[in-house]
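A quick write-up on the structure given underneath.
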Amino acid sequence: MKRLLHGILFATIDEIDKLQLGSGLPLLKQSIEDPKRTWKTLFYRVKQYCACDPQLAGYKLYATVDLDNVRVAHTQVKDTPSKPQWFQSFQIYCAHEASEIIFTVKDENPVSATLIGRAHLSVDEVINGARISKWIPLVDENRKPIGSQIRVNVQFSDVTRDPNWSKGIQTPNFGGVPSTYFKQKQGCKVSLYHDAHVSDTFRPKIELSRNMRFEPQRCWKDIFDAIVNAKYLIYITGWSVYTNITLIRDPRRPNPGGLEKLTLGELLIKKAEEKDMKVLVLVWDDITSKKWIRQTFHESFSLMGTHDEDTVDYFRGSKVLCARCPRIPDKGRSALQGVESEAVFTHHQKTVVVDCESTGGNRRIVSFVGGIDLCDGRYDTQDHSLFRTLDTVHKNDFHQPNFPGSSIKKGGPREPWHDIHCRVEGSVARDVLTNFEQRWKKQAGQRLLYSQSELNQRISSTPVTSRDDGESWNVQIFRSIDGGSVVDFPSDPKKAAECGLVSDKGSIIDHSIQDAYVNAIRRAKNFIYIENQYFIGSSYGWKPEEKTENIPEVGALNLIPKELSLKIISKIDAGERFSVYIVIPMWPEGEPESAIVQDILYYQRRTMEMMYTDIAAAIQRKKINAHPRDYLSFFCLGNREVLKPGEYVPEQKPETDSDYLRAQISRRFMIYVHAKMLIVDDEYIIIGSANINQRSMDGGRNTEIAMGAYQPRHLSAREAARGQVFGFRMSLWFEHLAQVQKSFDYPESLECMHQVNQIADQHWKIYSSRDFSRDLPGHILPYPVQVTKDGRITTLSDAEKCFPDTKATILGSKSRERPIPPVLTT
């Protein structure tokens with residue numbers, strides 16, 4: 001019988017007593033099941049022997065930990081097949097229903113791993129927290145003993161035994177997320193940004209504690225000022241860095257020296273000419289923008305539009321050193337996985353690290369972290385205009401990748417961009433610097449970096465706030481990254497575990513961003529607010545829609561969606577209120593009818609439906625009068641503008657019967673949500689580059705960085721938190737809903753959940769109607785699906801199966817004729 005394992009599984013795989021592999025029985029069995037694969041494996045073995053390399057010629061054994069059919073851990077690979085020993089320990093966050101914990105032993109080769117045997121341990125033996133240390137027989141696929149045993153140590157700690165479970169941050173001395181590479185730092189400062197710029201007209205009146213008022217900050221202005229005032233270093237990482245953008249576009253801003261008119265590329269080159277200045281830039285090497293590909297298709301062709309080739313060319317010959325970095329896998333990956341990493345996965349971090357003036361004439365480090373790349377299409381304000389800025393701030397920055405052939409000459413709507421970023425100061429900013437240095441050394445070598453002694457001579461380590469400062473922050477840096485992208489990761493699994501890292505075969509992986517999300521969700525006591533570009537995960541909990549569907553191959557194993565639904569269920573069972581608000585884009589950026597976008601929408605819908613059916617079952621079990629959306633609601637953002645006199649008039653028209661033309665006539669379009677943020681109980685916030693999907697949370701796929709932070713003097717232990725995190729959420733809600741209601745102070749309340757949904761529904765009527773006479777009063781919209789009382793997701797109506805102005809189905813669909821590998825879309 002399946003039991004819920006929700007907590008932490010501590011597992012150690014010690015050793016196998018003996019293995020008799022000389023007979024080649026695994027290979028014999030494989031030859032019966034898959035002759036083609038057997039010949040490949042035999043060829044591999046012969047090639048090993050011909051190479052006269054005894055290490056290559058032997059078996060390469062590793063063990064895994066599975067919860068039923070869900071793989072949750074790998075050991076390193078051992079080449080001592082007669083009596084392999086690992087003594088490798090794992091701390092596994094789990095939110096799975098399983099009947100068995102399975103330890104699988106395999107022989108690794110570049111073609112495909114060969115099963116040696118499996119050991120089965122019933123979940124019933126560990127569910128109550130007992131420590132199990134035993135030898136377990138290894139059996140074949142038919143559960144027949146193979147004459148060997150494996151020794152394991154297992155203990156499960158249920159989430160309810162965690163002293164922080166559902167209690168929030170109980171003390172200012174909370175130590176942050178445990179077992180991570182970067183430890184939490186105290187005495188820091190944090191600035192929170194929504195969107196690249198804040199217009200003068202955006203002034204929400206949000207009262208905080210200590211007689212303070214929340215003041216929105218301007219992201220690109222602060223980055224510009226930080227670059228201009230840097231004296232020794234400007235270090236930038238980006239998925240994309242585009243030299244032709246300008247950071248300052250507000251005509252009301254003073255223009256001393258004319259620096260605001262410089263493009264980003266011009267500004268960095270100018271700064272690099274200064275004495276003692278080092279300007280280093282790391283950009284992802286996007287394979288689709290290679291010159292030979294562009295020459296084959298079109299000079300402007302680039303599937304991802306990262307401009308990496310142009311950026312490197314622009315800085316060539318200047319004192320700015322720009323390194324283009326392919327996503328090279330760690331050494332433990334197979335040759336096939338190596339090709340996959342370079343072709344599919346990205347360097348997705350977006351950071352700027354500079355030195356700035358400190359007290360007493362000293363210099364200190366300031367770092368910017370979040371979701372906003374320094375590239376085209378990102379500049380926007382809280383107005384998110386579609387048409388009215390096309391002859392001003394977006395005249396030379398028209399971005400609309402959802403319509404083929406779109407251009408400023410054909411007119412709007414442009415794609416509005418909503419994003420979130422932050423600035424961190426204090427000792428935590430040094431951790432962001434360390435991340436850059438580790439990546440630079442791995443991907444560009446030692447050249448041009450300041451040495452540690454040189455940094456210490458130039459940069460002070462004095463705290464930026466005192467422990468008594470009521471506005472001080474505690475901040476922690478998290479990453480998704482592996483040893484293929486950084487130096488200084490220990491290769492020994494035991495030492496790696498001590499650093500909060502995971503050894504997966506030969507790879508050393510940091511997936512602390514996912515750990516941070518899990519910890520934050522488990523601590524939550526009242527509500528959670530999420531904005532994210534994607535929302536896919538916990539595929540192990542999906543119900544098959546077809547008998548032939550192979551859910552395990554999807555591999556979207558991150559825990560976040562399941563953790564959210566389990567949190568809500570625990571509150572329903574306890575008779576307590578809890579609310580989760582999730583804001584995502586209407587669809588992933590790109591042509592909405594395309595196979596890739598439809599695949600992502602399909603997986604997103606499966607994720608949402610899993611959560612809603614879990615919640616619906618809990619409601620029915622408790623026999624309460626409620627709907628799943630009373631606890632969990634999904635939203636998206638959009639805008640619609642009436643035509644105003646004096647607007648930009650395009651010289652051309654979009655193609656007839658195109659989504660582009662329909663959107664232009666209806667004067668509406670989604671606001672693209674690119675944010676990656678979580679807020680818990682108005683006291684804790686995570687901001688970074690990581691999406692809620694497997695690519696970002698895995699650790700061995702995209703490289704990501706994030707920060708988690710709270711103010712020790714603004715906790716919700718006794719009363720509702722009213723510090724900067726509260727102010728930031730309320731400012732975001734003012735941007736989206738264009739109003740402030742008293743119920744918004746208590747998002748966990750049913751009144752607030754209903755009010756937000758009602759406002760969103762009113763906006764949707766205006767957004768989706770054929771005729772309209774005024775601008776959309778706010779931007780928040782309900783995600784356009786219907787949730788039944790039993791948790792199923794359907795279309796709103798037969799007439800609303802597709803997104804407005806498109807022929808793209810809202811529920812998504814899997815490509816049948818040419819199936820897309822899930823690794824691309826999850």
Side-chain angles (χ1 to χ4, degrees), residues 194-196 239 304-305 348 350 370-373 375 377-378 380 382 384-386 399-403 406 413-421 529-537 556 560-561 581-594 596-608 633-640 659 663 668-678 687-693 695-696 702 732-733 735-737 760 763-764 767-768 776 778-785 793 796 800 802-806 808-813 825-826:
H194 52 112
D195 305 315
W239 176 83
M304 306 304 291
H348 202 236
K350 305 107 172 34
I372 306 181
D373 283 289
C375 68
R378 287 0 183 216
D380 214 341
Q382 293 67 43
H384 298 298
S385 179
L386 305 176
H399 184 72
Q400 181 48 278
N402 302 275
F403 303 141
S406 64
R414 58 176 284 269
E415 180 185 65
W417 197 270
H418 173 67
D419 221 325
I420 291 175
H421 218 71
Y529 177 58
I530 290 173
E531 293 188 5
N532 207 281
Q533 183 185 2
Y534 294 97
F535 195 81
I536 297 172
I560 295 166
Y581 305 79
I582 301 176
V583 179
I584 54 178
M586 200 173 290
W587 68 79
E589 189 177 60
E591 298 174 39
E593 292 116 288
S594 67
I596 284 183
V597 169
Q598 284 293 302
D599 258 34
I600 295 171
L601 289 170
Y602 171 80
Y603 291 132
Q604 176 180 281
R605 192 252 304 169
R606 298 295 301 277
T607 302
M608 294 164 63
S633 285
F634 284 85
F635 304 91
C636 56
L637 303 178
N639 199 7
R640 196 169 193 184
D659 293 355
R668 64 187 168 197
F669 198 70
M670 70 168 174
I671 297 168
Y672 195 60
V673 178
H674 192 258
K676 301 94 170 52
M677 180 209 70
L678 172 142
I687 293 174
S689 66
N691 297 311
I692 298 178
N693 59 10
R695 295 173 66 99
S696 286
N702 287 1
L732 284 166
W733 282 27
E735 174 185 349
H736 302 333
L737 287 87
H763 291 170
W764 180 257
Y767 183 87
S768 61
L776 195 66
H779 298 140
I780 197 160
L781 304 169
Y783 197 79
V785 296
I793 291 180
L796 291 172
E800 294 179 290
C802 297
F803 294 109
D805 304 320
T806 79
T809 58
I810 296 170
L811 300 184
S813 61
T825 51
T826 61

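As a basis for the values below, the full set of heavy atoms in this structure was taken, side chains included, without hydrogen atoms, waters or symmetry mates.
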Within-4.5 Å side-chain heavy-atom neighbours: [X] and [Y]:
{"X": "Pro784", "Y": "Cys636", "answer": "yes"}
{"X": "Ile530", "Y": "Met677", "answer": "no"}
{"X": "Glu593", "Y": "Asp659", "answer": "yes"}
{"X": "Leu811", "Y": "Val785", "answer": "yes"}
{"X": "Ile584", "Y": "Gln604", "answer": "yes"}
{"X": "His418", "Y": "Val583", "answer": "no"}
{"X": "Val673", "Y": "Asn532", "answer": "no"}
{"X": "Trp587", "Y": "Pro585", "answer": "no"}

Taking the six-membered ring for Trp, are the ring centroids of Phe634 and Tyr581 within less than 6.0 Å of each other?
no

Specify the closest pair of heavy atoms between [X] and [Y], including all atoms of both residues, with the distance to one decimal.
{"X": "Thr826", "Y": "Ala556", "result": "CB-CB, 4.0 Å"}
{"X": "Asn639", "Y": "Leu386", "result": "O-CD1, 3.4 Å"}
{"X": "Leu776", "Y": "His763", "result": "CD1-O, 3.4 Å"}
{"X": "Ser689", "Y": "His348", "result": "O-ND1, 2.9 Å"}
{"X": "Ala760", "Y": "Pro782", "result": "O-CD, 3.0 Å"}

Which residue in the set Ile810, Ile793, Ile582 passes side-chain contact (heavy atoms from CB on, under 4.5 Å) when paired with Tyr783?
Ile810

Between [X] and [Y], is any side-chain donor less than 3.5 angstrom from a side-chain acceptor?
{"X": "Glu415", "Y": "Asn402", "value": "yes"}
{"X": "His674", "Y": "Asp419", "value": "yes"}
{"X": "Lys676", "Y": "Asn691", "value": "yes"}

From Asp373 CG over to His421 NE2, what is the distance, rounded to the nearest 0.5 angstrom?
8.5 Å

Looking at CG of Leu678 and CD1 of Ile560, how far apart are the two atoms once the value is rounded to the nearest 0.5 Å?
8.0 Å

Angle between ring planes, Trp417 versus His399, binned at 30° and 60°: parallel, tilted or perpendicular?
perpendicular

Can you check ring pair (Phe, Tyr, Trp, His ring centres under 6.0 Å) on Phe669 and Phe803, steps first, answer last?
CA-CA 10 Å; Phe669 198 70; Phe803 294 109; over 10 Å; no

Between Asp805 and Arg668, is the closest basic N to carboxylate O distance under 4.0 Å?
yes

Among residues at least two apart in sequence or on other chains, which ones pass ring pair (Phe, Tyr, Trp, His ring centres under 6.0 Å) with Tyr529?
Trp733

For Thr806, check side-chain hydrogen bond (donor to acceptor under 3.5 Å, both in side chains) against everything at least two apart and list the hits.
none

Between His384 and the options His194, His736, His779, the ring pair (Phe, Tyr, Trp, His ring centres under 6.0 Å) test singles out His779

